[in-house]
Participant: 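One structure, as structure tokens, below. Some questions next.
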Amino acid sequence: QVQPVESGGGMVQAGGSLRLSCAASGRTFSSYAMGWFRQAPGKERKFVGVISWSGTTTYYADSVKGRFTISRDNAKNTVYLQMNSLKPEDTAVYYCAAGPVAVTTTGGYDYWGQGTQVTVSS
């Protein structure tokens, strides 16, 4: 079992960058795929990207491909989401989640963080 906790959100101007962190408690962190999702007000939670348990495989939503990068440090039980060239439409609450396999659907994840707000101003 793991408990993810996100941090690093904030407000940034369009074109700027932010790095989100997700620290997860639990000795089995390295066995989980870690996904990032986001949810804008009044909209459903959407897939952003995922990294495999080993860190060798990543997959991104088309809307963030080339701008966002996911990495992980299993020694620190932490996964990162580097966000560059941010756009106002990236504004949302960002969640990280742990699951047994790297999938793009919310149902594939067992453990969720509380989320961190990212606001991009134009």
Participant: Quick one, T91 with Q117, criterion side-chain contact (heavy atoms from CB on, under 4.5 Å). Give me CA distance, side-chain angles, the key distance, then yes/no.
Facilitator: CA-CA 8 Å; T91 295; Q117 176 70 46; 4.0 Å; yes
Participant: Same cluster or not: are Y109 and V101 linked, directly or through other Ile, Leu, Val, Met, Phe, Trp or Tyr residues, by side-chain heavy atoms under 4.5 angstrom apart?
Facilitator: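 They do share one cluster, since a chain of ILVMFWY contacts under 4.5 Å joins Y109 to V101.
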Participant: With side chains defined as the heavy atoms from C-beta onward, is the minimum distance between M34 and C22 less than 4.5 Å?
Facilitator: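 Result yes, sub-4.5 Å side-chain heavy-atom pair found.
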Participant: Under a single-linkage definition using a 4.5 Å side-chain heavy-atom cutoff for Ile, Leu, Val, Met, Phe, Trp and Tyr, are V50 and W36 assigned to the same hydrophobic cluster?
Facilitator: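 No, no single cluster joins them.
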Participant: Quick one, L18 with L86, criterion side-chain contact (heavy atoms from CB on, under 4.5 Å). Give me CA distance, side-chain angles, the key distance, then yes/no.
Facilitator: CA-CA 8 Å; L18 277 176; L86 283 161; 4.2 Å; yes
Participant: Take I70 and V79 through the side-chain contact (heavy atoms from CB on, under 4.5 Å) test and state the conclusion after the steps.
Facilitator: CA-CA 7 Å; I70 300 174; V79 62; 3.8 Å; yes
Participant: Treating E6 as the side-chain partner and G115 as the backbone partner, does any N or O pair qualify as donor plus acceptor under 3.5 Å?
Facilitator: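 Confirmed, E6 side chain pairs with G115 backbone.
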Participant: Is the shortest heavy-atom distance from the side chain of I51 to the side chain of T57 under 4.5 Å?
Facilitator: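 Sidechains of T57 and I51: no contact.
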Participant: Using the rule that two of Ile, Leu, Val, Met, Phe, Trp, Tyr join whenever any of their side-chain heavy atoms come within less than 4.5 Å, decide whether Y94 and V103 are in one cluster.
Facilitator: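 No, Y94 does not connect to V103 through the hydrophobic network.
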Participant: Among V118, D90, L81, whose side-chain contact (heavy atoms from CB on, under 4.5 Å) with R38 holds?
Facilitator: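 Of the listed residues V118, D90, L81, the side-chain contact (heavy atoms from CB on, under 4.5 Å) partner of R38 is D90.
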Participant: Can you tell me how far apart CD (Q39) and OG1 (T106) are? Round to the nearest 0.5 Å.
Facilitator: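 Going from CD on Q39 over to OG1 on T106, the span is 9.5 Å.
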Participant: Nearest 0.5 Å, please: how far is CE in M11 from OG1 in T119?
Facilitator: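 Reported to 0.5 Å precision, the distance equals 5.0 Å.
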Participant: Minimum heavy-atom separation for R72 to W53, with atom names?
Facilitator: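 Closest heavy-atom pair between R72 and W53: NH1-CA, 3.3 Å.
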Participant: Can you name the side chain to side chain contact (heavy atoms under 4.5 Å, CB included) partners of T104, sequence neighbours left out?
Facilitator: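 Partners of T104 under the side chain to side chain contact (heavy atoms under 4.5 Å, CB included) test: F47, Y59.
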Participant: Would you name the heavy atoms of Y60 and K65 that are closest together and state the gap between them?
Facilitator: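 Smallest interatomic distance, heavy atoms only, reads O-CE, 3.6 Å.
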Participant: Evaluate the side-chain proximity of Y95 to Q114: yes if any heavy-atom separation is below 4.5 Å, no if none is.
Facilitator: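 The answer is no, as the side chains (C-beta and beyond) never meet within the 4.5 Å cut-off.
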Participant: Got a second to check how far S31's OG is from N74's CG, nearest 0.5 Å?
Facilitator: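 CG of N74 is found 9.0 Å from OG of S31.
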Participant: Looking at every heavy atom in both T78 and S21, which two are closest together, and how far apart are they?
Facilitator: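 Minimum heavy-atom contact is CG2-CB, 4.3 Å.
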Participant: Other residues, nucleotides and ligands only: do more than 12 of their heavy atoms fall within 6.0 Å of NZ on K43?
Facilitator: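 At most 12 heavy atoms, drawn from other residues, nucleotides or ligands, come within 6.0 Å of this atom.
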Participant: State whether the side chain of N77 and the backbone N or O of A24 hold a donor-acceptor pair below 3.5 Å, judged by distance alone.
Facilitator: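 Such a contact is found between N77 side chain and A24 backbone.
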Participant: Please say whether the positively charged group of R19, taken as NZ for Lys or CZ for Arg, lies over the ring of Y80, i.e. under 6.0 angstrom from the six-membered ring centre and within 45 degrees of the axis.
Facilitator: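 Relative to the ring axis of Y80, which defines the angle, R19 lies inside both limits.
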Participant: Are V93 and V64 connected in a single hydrophobic cluster, I mean Ile/Leu/Val/Met/Phe/Trp/Tyr linked by side-chain heavy atoms less than 4.5 Å apart?
Facilitator: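 Per the 4.5 Å side-chain linkage, V64 and V93 are not co-clustered.
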Participant: Taking the side chain as C-beta and beyond, is there a heavy-atom pair between P100 and D110 under 4.5 Å?
Facilitator: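 Side chain of P100 against side chain of D110, heavy atoms only: contact under 4.5 Å found.
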Participant: If I take atom CD from residue Q13 and atom OG from residue S121, how far apart are they, to the nearest 0.5 angstrom?
Facilitator: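 Those atoms lie 5.0 Å apart.
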Participant: Going by heavy atoms in the side chains, are K87 and R67 under 4.5 Å from each other?
Facilitator: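 SC-SC contact between K87 and R67 confirmed.
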Participant: Indicate whether any N or O donor in one side chain lies under 3.5 Å from an N or O acceptor in the other, for S17 and N84.
Facilitator: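 Looking only at side-chain atoms, N84 and S17 do form a donor-acceptor pair, the distance falling under 3.5 Å.
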Participant: side-chain contact (heavy atoms from CB on, under 4.5 Å), that's the test. Do T28 and V2 meet it? Break it down for me.
Facilitator: CA-CA 7 Å; T28 58; V2 295; 3.9 Å; yes
Participant: W112 vs F37 aromatic rings, parallel, tilted or perpendicular, using cut-offs 30° and 60°?
Facilitator: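 Tilted.
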